[in-house]
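Residue numbers run from 1 in the order of the sequence given.
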Amino acid sequence: DHGKILIDPSILDANSIRYYHFKQNPKEFVILGPGTLAQRFTENTSWNESIVFALPRWIQDGHGNMNSMSTCSCHVQD
């Protein structure tokens with residue numbers, strides 16, 4: 001469960017790992033590509049909703065096959 005991971009951006013900087021920082025405004029959508037790790041921070045109350053979707057080509061290429069998905073082996077600890 002990678003929802004428990006919090007990575008300090010300075011670690012990414014020190015290891016030359018590219019990342020993006022942006023502010024989402026009301027009535028804006030953010031679409032993340034496959035394999036994207038996202039961290040979210042809020043200053044006040046936050047209402048959010050996630051919708052998982054795939055384009056037909058992604059499914060046609062075989063990525064929608066749940067049996068082909070590998071499980072994570074990084075052993076995240078609480």
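Cluster annotation: I59 and L55 are assigned to distinct hydrophobic clusters (Ile/Leu/Val/Met/Phe/Trp/Tyr, side-chain heavy-atom contacts under 4.5 Å, transitive).
Remark: side-chain polar atoms of D8 are paired, donor with acceptor, to backbone N or O of S10 under 3.5 angstrom.
Atom CG of L32 has more than 12 neighbouring heavy atoms from other residues, nucleotides or ligands inside a 6.0 Å radius.
Counting only heavy atoms from C-beta outward, the side chains of Y19 and I7 never approach each other to under 4.5 Å.
For the atom pair CD1 (I51) and CZ (F29), the distance works out to 7.0 Å, reported to the nearest 0.5 Å.
Between E28 and K23, the shortest heavy-atom distance links the atoms OE1-O, 4.0 Å. Nearest heavy atoms, I11 versus N15: O-ND2, 2.8 Å.
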